[in-house]
Amino acid sequence: MNQRIWQVVALIPPGKVATYGDVARHAGLPGAARRVGYALRQLPAGSRIPWHRVINAQGRISLPAGTGGEYTQRERLEAEGVAFIGGKIPLRSYRWHPGAST
DNA sequence: CGAATGACTCCTT
DNA sequence: CAAGGAGCCATTC
């Protein structure tokens, strides 16, 4: 199941982001946004899963401060071209749409 | 099986 | 915009 979520997260294109709810929905788990966070938490350190492209519906980083994860995620996103406006990401522009790549 | 928890989301005030 | 409450699903004890 986690693999299911990781798979969806893995196909998120760079420079774009998706919300937990969106990932859950595309993973076939509508309403399981929490499951996404849970799965990402179980995500191995050596995984190639761009978990940093997953954020909450507020366009903000949900990672708990103290683990430094919030910092890493922001750094990675900015490195991919994602901008933090007012401390958050404008989902209106960066929200990932499956199949909308081309 | 029952109760508690969590990288969540939506609605109302 | 900020804060509070309820719903959601799976994992863990």
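All values below were derived from every heavy atom in this structure, side-chain atoms included, with hydrogens, water molecules and symmetry-related copies excluded. We name chains A, B, ... by the order of the sequence lines, and we start the count at 1 in each one. This one's a predicted model, so the numbers in the text were calculated from it and none came from an experiment.
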For R95(A) and T19(A), which heavy atoms make the closest approach, and how far apart are they?
NH1-OG1, 3.7 Å
Output every pair passing ring pair (Phe, Tyr, Trp, His ring centres under 6.0 Å) with a member in residues 14-36 of chain A, not counting sequence neighbours, ordered by first then second residue.
H26(A)-W96(A)
What residues, two or more places apart in sequence or in another chain, satisfy side chain to side chain donor-acceptor pair (under 3.5 Å) together with R25(A)?
none
Using a 4.0 Å cut-off to any heavy atom of chain A, which nucleotides of DNA chain C are the first and last in contact, reading 5' to 3'?
dG7(C) to dT12(C)
Please identify each residue that fulfils salt bridge (Lys or Arg N to Asp or Glu O under 4.0 Å) with R34(A), with sequence neighbours left out.
none
Nearest heavy-atom pair of E70(A) and P64(A): which atoms, and what distance?
CG-O, 4.5 Å
At under 4.0 Å between heavy atoms, how does the protein contact nucleotides 7-13 of chain B? Give one character per nucleotide, 5' to 3', with B, S or -.
BBSS---
Sorted by position of nearest nucleotide on DNA chain C, 5' first, the leading residue of K88(A) and L29(A) is K88(A)
Residue pairs fulfilling side-chain hydrogen bond (donor to acceptor under 3.5 Å, both in side chains) with at least one residue in residues 54-64 of chain A, sequence neighbours excluded:
N56(A)-S62(A)
Give every donor-acceptor pair under 3.5 Å between a side-chain atom in residues 72-89 of chain A and any protein atom, sequence neighbours left out.
residue : atom : partner : partner atom : Å
T72(A)  : OG1  : G68(A)  : O            : 3.3
Q73(A)  : NE2  : H52(A)  : O            : 2.8
Q73(A)  : NE2  : V54(A)  : O            : 2.8
R76(A)  : NH1  : H52(A)  : ND1          : 3.3
E80(A)  : OE1  : G15(A)  : N            : 3.4
E80(A)  : OE1  : R53(A)  : NE           : 2.8
E80(A)  : OE2  : H52(A)  : NE2          : 3.1
E80(A)  : OE2  : R53(A)  : NE           : 3.3
E80(A)  : OE2  : R53(A)  : NH2          : 2.8

Take G31(A) and R60(A), find for each the nucleotide of DNA chain C with the closest heavy atom, and name the residue whose nucleotide sits nearer the 5' end.
R60(A)
Taken in chain and number order and not counting sequence neighbours, the residues that satisfy side chain to side chain contact (heavy atoms under 4.5 Å, CB included) with A39(A) are N2(A), I5(A), W6(A)
